[in-house]
Amino acid sequence: MFVIVFRYRAPLETIDSLKEAHYANPDGVFARGLARIAGPLEPRTGGVVVAEGSRAEIEAAVASDPFVTSGAATAEILAFRPVFTAAAADAADEPAGTGRCGR
């Protein structure tokens, strides 16, 4: 899995004008079904996407993103290995506060 961190370099007006293209980009993480969860940072200085796929797929999708191709944002791709999910913990009936990822 990957975390993609977009950092805005352009005014929010520019970001807002590119937002529809960002989501609709046929080669992007959303249209290709790679994104699992996404949203803006608070304050609104960028955004985060958790994505699943190969590194090559993620890199190609990010490279085609209108935020990136226009220079309105940079993107950092971070690989990570999930070891905890709330759903798995709930299924196992683990009590809260067992020290696993601050659940």
Side-chain angles (χ1 to χ4, degrees):
M1 289 194 106
F2 296 88
V3 174
I4 305 161
V5 180
F6 290 95
R7 298 197 192 282
Y8 300 153
R9 298 291 180 228
L12 288 178
E13 296 79 23
T14 302
I15 297 300
D16 288 341
S17 73
L18 293 167
K19 197 182 323 180
E20 186 59 38
H22 166 70
Y23 290 118
N25 173 20
D27 296 320
V29 294
F30 301 103
R32 295 193 59 213
L34 302 171
R36 298 296 175 253
I37 189 168
L41 295 174
E42 293 294 335
R44 205 166 152 221
T45 58
V48 173
V49 178
V50 176
E52 194 168 17
S54 71
R55 177 170 280 283
E57 288 176 306
I58 302 298
E59 287 176 351
V62 169
S64 75
D65 190 286
F67 285 168
V68 174
T69 60
S70 70
T74 60
E76 181 179 10
I77 301 169
L78 305 168
F80 79 102
R81 183 177 50 87
V83 296
F84 173 86
T85 67
D90 290 343
D93 245 357
E94 289 183 1
T98 59
R100 290 189 154 182
C101 296
R103 183 185 129 144

**OP:** Search all heavy atoms of S70 against all heavy atoms of P66 and return the closest pair with its distance.
**Re:** OG-O, 2.8 Å
**OP:** Over all heavy atoms of both residues, which pair between F2 and S54 is shortest? Give the atoms and the distance, please.
**Re:** CE1-C, 4.0 Å
**OP:** List in chain and number order the residues that pass salt bridge (charged side-chain N to carboxylate O under 4.0 Å, His left out) with R55, two or more places apart in sequence or in another chain; answer none if no residue qualifies.
**Re:** E59
Subject >> E76: salt bridge (charged side-chain N to carboxylate O under 4.0 Å, His left out) partners, not counting sequence neighbours >> reply: none
Could you give the side-chain donor-acceptor pairs of residues 10-18 under 3.5 Å, partners two or more places apart or in another chain?
{"from": "D16", "atom 1": "OD1", "to": "R44", "atom 2": "NH1", "distance (Å)": "3.3"}
{"from": "D16", "atom 1": "OD1", "to": "R44", "atom 2": "NH2", "distance (Å)": "2.4"}
{"from": "S17", "atom 1": "OG", "to": "T14", "atom 2": "O", "distance (Å)": "2.7"}

Original post:
Considering residues at least two apart in sequence or located in another chain, which fulfil the side-chain hydrogen bond (donor to acceptor under 3.5 Å, both in side chains) criterion with S64?
Top reply: N25
Original post:
Hey, quick one: are V68 and V5 part of the same hydrophobic cluster, counting side-chain heavy atoms closer than 4.5 Å, chains of contacts allowed?
Top reply: no
Original post:
Side-chain heavy atoms under 4.5 angstrom apart, residues restricted to Ile, Leu, Val, Met, Phe, Trp, Tyr: same cluster for L78 and V50?
Top reply: yes
**OP:** Any chance you could measure T45, atom OG1, to Y8, atom OH, to the nearest 0.5 Å?
**Re:** 8.0 Å
**OP:** Report the residues that fulfil ring pair (Phe, Tyr, Trp, His ring centres under 6.0 Å) with F6, sequence neighbours left out, ordered by chain and then residue number.
**Re:** H22
For residues 26-41, please give each side-chain donor-acceptor pair under 3.5 Å, one per line with the distance, not counting sequence neighbours.
{"from": "R36", "atom 1": "NE", "to": "E52", "atom 2": "OE1", "distance (Å)": "3.1"}
{"from": "R36", "atom 1": "NH1", "to": "G33", "atom 2": "O", "distance (Å)": "2.7"}

Subject >> 4.5 Å side-chain heavy-atom contact, I4 and V48 >> reply: no
